[in-house]
Amino acid sequence: MALRAAAKTAATAATAASPRGLSSLLFSTSTFPFNLPQSQTEKPPPAEPSTNLFVSGLSKRTTTEGLRTAFEKFGQVVDAKVVTDRASGFSKGFGFVRYASLEDAAAGIEGMDGKFLDGWVIFAEYARPRNTLPPPQNSFPRGVNNTRFQS
DNA sequence: CCTGAGCGA
């Protein structure tokens, strides 16, 4: 029939119509429609393994003793401290826990990260290396030589 | 202070 002939003609025309342009659109490597926006997940790994842990999400009522007690269940805690504001003395909501070994630190993260402490979900991860400069507890009022060299 | 992202005196 006329319809069938027309359909066959259209199909033939479509098959012969510029196959190179179509394939270049579908298989182009530069502009693929389903590629991620240039950055994978932009999720940088927290930090390199260390015995020092950074604990965030703490309740502001959580104290250093509570932090130590909670993390001691997973390893030998050498040092633990909740960071508090110097002026008001209130907790800043995060702290640090230092384990005796890397195994204990990993166990502490696995055991406490995402868990509850004093009603808040806390996050435990490896802490970044701190600025190697002890707090200047010695102030020289004379100001003769109070210059601090950092490296 | 207790409201909530973050890295310490």
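Letters A, B, ... mirror the listed sequences (proteins, then strands); counts begin at 1.
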Answer with base, sugar-phosphate or nothing: what part of the nucleic acid does [X] contact at a heavy-atom distance below 4.0 Å?
X	answer
A/Thr64	nothing
A/Arg86	sugar-phosphate
A/Gly57	base

Nucleotide [N], atom [atom2] - distance to [atom1] of [X] in whole Å:
X	N	atom1	atom2	value
A/Asp85	B/dT3	CG	C1'	16 Å
A/Arg61	B/dG4	CZ	P	13 Å
A/Leu58	B/dG4	CG	P	16 Å
A/Ile122	B/dG4	CD1	P	19 Å
A/Phe54	B/dG6	CZ	C1'	5 Å
A/Arg130	B/dA9	CZ	P	8 Å
A/Tyr126	B/dG6	OH	P	22 Å
A/Asp79	B/dA9	CG	P	13 Å

Using centres under 5.5 Å plus planes under 30 degrees as the test, is A/Phe94 stacked with B/dG8?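 Taking the rule of under 5.5 Å and under 30°, the ring of A/Phe94 does not stack on B/dG8.
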Kindly point out which of B/dA9, B/dC7, B/dT3 is positioned nearest to the side chain of A/Val83?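 Ranking B/dA9, B/dC7, B/dT3 by closest atom to the A/Val83 side chain puts B/dA9 first.
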Taking the side chain as every heavy atom from C-beta outward, state whether A/Val121 and A/Phe116 have any atom pair closer than 4.5 Å.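 A/Val121 reaches A/Phe116 side chain to side chain.
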Got A/Leu117 and A/Leu58 here, is their nearest side-chain heavy-atom distance under 4.5 Å?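 The answer is yes, as the side chains (C-beta and beyond) meet within the 4.5 Å cut-off.
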Would you check if the side chain of A/Tyr99 reaches a backbone N or O of A/Phe74 as a donor-acceptor pair within less than 3.5 Å?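 No; judged by distance alone, with no hydrogens or angles, the pair does not exist.
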Okay, side chain of A/Asn52, backbone of A/Ala127: is any donor-acceptor separation there less than 3.5 Å?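 No: the side chain of A/Asn52 does not pair with the backbone of A/Ala127.
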Any donor-acceptor pair under 3.5 Å between the side chain of A/Asn52 and the base of B/dG8?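 Answer yes: a donor N or O sits under 3.5 Å from an acceptor.
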Heavy-atom contacts under 4.0 Å between residues 103-112 of chain A and DNA chain B, which residues?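 By residue number: none to list.
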State the CD-CG distance between A/Glu125 and A/Leu53, to the nearest 0.5 angstrom.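 Nearest 0.5 Å value for the CD-CG distance: 9.0 Å.
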Are the ring centres of A/Tyr126 and A/Phe54 closer than 6.0 Å?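 Here the rings of A/Phe54 and A/Tyr126 have centres that are no less than 6.0 Å from each other.
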